[in-house]
Amino acid sequence: MTSTITAQLAPLIQWLDLFGIGVFAASGALAAARARQTIVTFAFFALVTGVGGGTVRDLLIGAPVFWVQDWRVAAVCLGVAGLIWMTPYGFWRGRAIDWFDAVGLAVYAVFGAAKALGLGIPALPAVMMGIITACVGGIIRDVLAGEPSILLRPEIYVTAAALAAGLFVGLVLVGVPLFVAAVIGAAAGFVLRALAIARSFSIPAYRG
């Protein structure tokens, strides 16, 4: 069963991986742009944001750290950093970081869960791996940029990643085709995060 899932997930994982990395790398580079940093900082922020969550995931599930094994990952991060460096800052004004991060969050939550399933990880831990994959890079980015971590803000973030990963895993388990499950999961996670950005949806805080 595990080998069948692995074979079916291989093309999906590869596509989601590079796309999610590129979008997250863009959010890292935009954080450097907002702080008016150098090209070196752009590249560092892009790389750390792009690979942070996936690195933690791979260490937890005992898999080879993905970006060390594939030169394309660093190339995508550095290429995105260079592209944003050459773009006028006014083009990225507003909440561009949040929107890039929202796309990356949804896609990478599905990707992380898919990779975990493909390696034989049970359903619930696979969902957790999706959440870690989606959230850790953005948390590291915020810490490096000296901004309040998204975890310390009441707006919906981790919940959106949990929805994307959980819905994907649930649909796969009931026999929905993998690509369809991935699209539905990622779309649901993105919509929830988008509502949090556009309408300031949030989770009630502890009132004591």
> Quick one: is the NZ or CZ of R57 closer than 6.0 Å to the six-membered ring centre of F66, and within 45° of its axis?
Replying inline: yes
>> Could you walk me through whether F168 and L117 satisfy the side-chain contact (heavy atoms from CB on, under 4.5 Å) test, starting with their C-alpha distance in whole Å, then the side-chain angles of each, then the deciding distance to 0.1 Å, before giving a yes or no?
In response: CA-CA 11 Å; F168 168 74; L117 282 181; 4.1 Å; yes
Same apolar cluster: [X] and [Y], side chain cutoff 4.5 Å:
X: V103; Y: V73; result: yes
X: L144; Y: L78; result: no
X: F111; Y: L124; result: no
X: V191; Y: I156; result: yes
X: V183; Y: L167; result: no

>> Let's go through V23 and V107 carefully: what are the C-alpha distance in whole Å and the side-chain angles of both, what is the deciding distance for side-chain contact (heavy atoms from CB on, under 4.5 Å) to 0.1 Å, and is it a yes or a no?
In response: CA-CA 9 Å; V23 175; V107 171; over 6 Å; no
Quick check for you: to the nearest 0.5 Å, what is the distance between [X] atom [atom1] and [Y] atom [atom2]?
X: L192; Y: Y157; atom1: CG; atom2: OH; value: 13.0 Å
X: C135; Y: I140; atom1: SG; atom2: CD1; value: 11.5 Å
X: T49; Y: D142; atom1: OG1; atom2: CG; value: 8.5 Å

Flag the pair [X] / [Y] as yes when at least one side-chain heavy-atom distance between them is below 4.5 Å, and no otherwise.
X: D101; Y: D98; value: no
X: I84; Y: F42; value: yes
X: L60; Y: M128; value: no

Where do [X] and [Y] come nearest, in terms of heavy atoms and distance?
X: A25; Y: V80; result: C-CG1, 4.0 Å
X: L171; Y: A181; result: CB-CB, 3.7 Å
X: V110; Y: A164; result: CG2-O, 3.9 Å
X: L105; Y: A134; result: O-CB, 3.4 Å
X: A102; Y: R193; result: CB-CG, 3.5 Å
X: V51; Y: T55; result: O-OG1, 2.7 Å

> Is there a side-chain contact (heavy atoms from CB on, under 4.5 Å) between Y108 and I21 once you walk through the steps?
Replying inline: CA-CA 8 Å; Y108 234 30; I21 287 167; 2.9 Å; yes
> Of the options V56, V158, I61, which is the one that meets I132 in a side-chain contact (heavy atoms from CB on, under 4.5 Å)?
Replying inline: V56
> When V176 is tested against each of V174, V172, L178, L173 for side-chain contact (heavy atoms from CB on, under 4.5 Å), which residue passes?
Replying inline: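 Only one option passes, and that is V174.
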>> Between Q69 and W67 (side chain of the first, backbone of the second, donor and acceptor by atom type, cut-off under 3.5 Å), is there such a pair?
In response: no
> When you check the gap from the basic side-chain N to the acidic O, do E147 and R141 get nearer than 4.0 Å?
Replying inline: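 Answer for the salt bridge query: no.
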> Do any pairs count as a salt bridge (charged side-chain N to carboxylate O under 4.0 Å, His left out) and have a residue in residues 61-72, sequence neighbours left out, and if so which ones?
Replying inline: D70-R72
> Parallel under 30°, tilted from 30 to 60°, perpendicular over 60°: which one fits the rings of W99 and F190?
Replying inline: tilted
